[in-house]
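Everything on this sheet refers to the single structure shown next.
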Amino acid sequence: MTFMPQSQNTVDPVKLEKLAEVAVKVGLQLQKGQDLVITSPVVALPLVRLITKHAYLAGAGLVSVFYSDEETTLARYQYGSDESFDRASGWLYEGMAKAYANGAARLAIAGDNPMLLSEQDAGKVSRANRANSTAYKPALEKISNFDINWNIVSYPNPSWAKVVFPDDPEPIAIAKLAKAIFAASRVDVSDPVAAWTEHNANLAKRSAWLNGERFASLHFKGPGTDLTIGLADGHEWHGGASTAKNGITCNPNIPTEEVFTTPHALRVEGHVSSTKPLSHQGTLIDNIQVRFEGGRIVEAKASRGEEVLNKVLDTDEGARRLGEVALVPHSSPISASGILFYNTLFDENASCHIALGQCYSKCFLDGATLSQEQIKAQGGNSSLIHIDWMIGSDKVDIDGLKPDGSRVAVMRQGEWA
C-alpha cells in the first residue's frame, strides 16, 4: 500500500519544487561531497523527496532523513510509563553531533501541529522537553555556534493548516497555508534565487547601519512594555545570509525578515508584553508579561499556558535570561499577510522579538575565534533552550542608546525610523 500524504493534491507542485531548490541552493548552499542530515514530519514526505533530489543534483555525499509523526508522539503521552518522560534518545543526537563535526549540513522541515500537546499533562511535556534539550545539546551547539551550514523550511501539514484556518475545509486550509508559505519563502516569483540575493543585500544594509552605530542598549516602549536591553560587549548584528565557521554562506531561516544580535545577559531591565501568542512544543502561551531585574526574569505571567511558561523558565539558570534580540518592521510581508501562523519560524518574522536562553556566538565580533568563557565574559548567555517570542507591533517605538547616553531613533510605530 502506497503512503499518500493528504496535502499532496492541494499543494502547488511547481512552487514546492522551487522551495526545495531554494532550501538547497540558498538555505544551505550545499557543497559537492557534503553530507546532509534532514529531520522532518512524515507528512512532509513530498518536500523531503524533492530536497533530496536537489541535494544529490548539487553533489551531496549522503542524505540521511529522520522522520517524526504526530500520532506516535501522542502515543507516548497516552500510553508511555511515567519514568519515560525523563529520557531522550541521546544516542541519536550524539550521532547527529558527530555527523556535524564531520562536516555534514543540517536541514529541518517544520510544520508540526502547534496544538498537538495542548491537552496533555504540562508536567510531562516539561519533563520531556527538558530531557530532549539536554540530550540535544551536543548537536544544538554545532548549530547555534554556526559550526555548520544549516537551514529550516516549512511544509503545510494538514493539522497545522487547520489551526491557522479553522473555519475552512481541510483541503482549502492546506492550499491557503501552502500559498502563504510559498509567498513568505519568496518562491512564488520567477527567479527565487535572485529574489533571495536582493533580499539578503537589503538585510545586510540594515545590519551594517546598526553595527556602525555601536549602541550600548535598545529601549523598547509601547503598551505594556518599557524595556531596556543592554547589548553584549563586542556584539555584532546579522541578518539574512550568514557565513558559518566551515566557510559556507547559508540562510539558516527561510523565511527571514529579521536583523538580530546578542543582548548582555546581565543588563536587561524593565517589563515587556508579548504581541503575538507563542506556540511552544505543542502548547500555546498567550499574553506573556515578564519583568527583568539585572538581566533575569523575576516575574512571569500569561493568560494561557502560564504553567508551561514557568516550567520553561526553570529549565536552567540561563533560561530566564536573553540570548537574542531581533528587529523586524511591522510592514514585513509576513506581518502584512495578516496571518497568525502559530509557528515561530513565521511569526517571529512578523514582529520584533527576543529569545530566552542560548545566544549565538556568531553575533560577536570575531565570534568564530572566541571561547565559551570569552563569550560569557562579554555578556553572552548559555542555556539548554532558545525560544523566540514576539514583542513588536505598530505601537512600539525603539531607541538606540549610545554609551554616552544619547538616543537615536531606530523604529517608530514598528517601522524603521
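Note: hydrogens, waters and symmetry copies are ignored here, and every other heavy atom, side chains too, is used.
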Compare every heavy atom of [Y] with every heavy atom of [X], then report the nearest pair and how far apart it is.
X: Met390; Y: Asp347; answer: CG-O, 3.5 Å
X: Ile143; Y: Arg106; answer: CD1-NE, 3.7 Å
X: Ser207; Y: Val259; answer: OG-CG1, 3.4 Å

Would you call [X]-[Y] a salt bridge at under 4.0 Å N-O?
X: Arg127; Y: Asp86; answer: yes
X: Lys15; Y: Asp12; answer: yes
X: Lys276; Y: Glu348; answer: no
X: Arg412; Y: Asp399; answer: yes
X: Arg320; Y: Asp314; answer: yes
X: Glu324; Y: Lys362; answer: no

Once you round to the nearest 0.5 Å, how far does [atom1] of [X] lie from [atom2] of [Y]?
X: Lys395; Y: Gln413; atom1: NZ; atom2: CD; result: 9.0 Å
X: Asn151; Y: Ile38; atom1: CG; atom2: CD1; result: 10.0 Å
X: Asn343; Y: Ile181; atom1: CG; atom2: CD1; result: 8.0 Å
X: Leu322; Y: Ile297; atom1: CG; atom2: CD1; result: 6.5 Å
X: Cys250; Y: Leu107; atom1: SG; atom2: CG; result: 10.5 Å

For [Y], does its backbone N or O pair with a side-chain atom of [X] as donor and acceptor, under 3.5 Å?
X: Asn145; Y: Glu141; result: yes
X: Asp397; Y: Lys221; result: no
X: Gln29; Y: Val24; result: no
X: Ser332; Y: Asn349; result: yes
X: Gln358; Y: Ser383; result: yes

I'd like to know whether [atom1] of [X] has more than 12 heavy-atom contacts from other residues, nucleotides or ligands below 6.0 angstrom.
X: Lys124; atom1: NZ; result: yes
X: Lys245; atom1: NZ; result: yes
X: Lys162; atom1: NZ; result: yes

For the residue pair Trp209 and Trp416, does the interplanar ring angle fall in the parallel (under 30°), tilted (30 to 60°) or perpendicular (over 60°) class? perpendicular

Would you call the rings of Tyr360 and Phe146 parallel, tilted or perpendicular, where under 30° means parallel and over 60° means perpendicular? perpendicular

Test side-chain contact (heavy atoms from CB on, under 4.5 Å) on Trp196 and Lys25 and set out the steps. CA-CA 10 Å; Trp196 272 99; Lys25 292 183 177 179; over 6 Å; no

Between the side chains of His54 and Glu17, does any donor sit under 3.5 Å from an acceptor? yes

Distance alone, cut at 3.5 Å: any donor-acceptor contact between the side chains of Gln31 and Asn149? no

Does any non-hydrogen side-chain atom of Tyr93 lie less than 4.5 Å from one of Leu140? no

Do the side chains of Gln34 and Leu28 get nearer than 4.5 Å, heavy atoms only? no

Considering the options Leu309, Thr344, Ile285, Leu278, which one meets the side chain to side chain contact (heavy atoms under 4.5 Å, CB included) requirement together with Trp389? Leu278

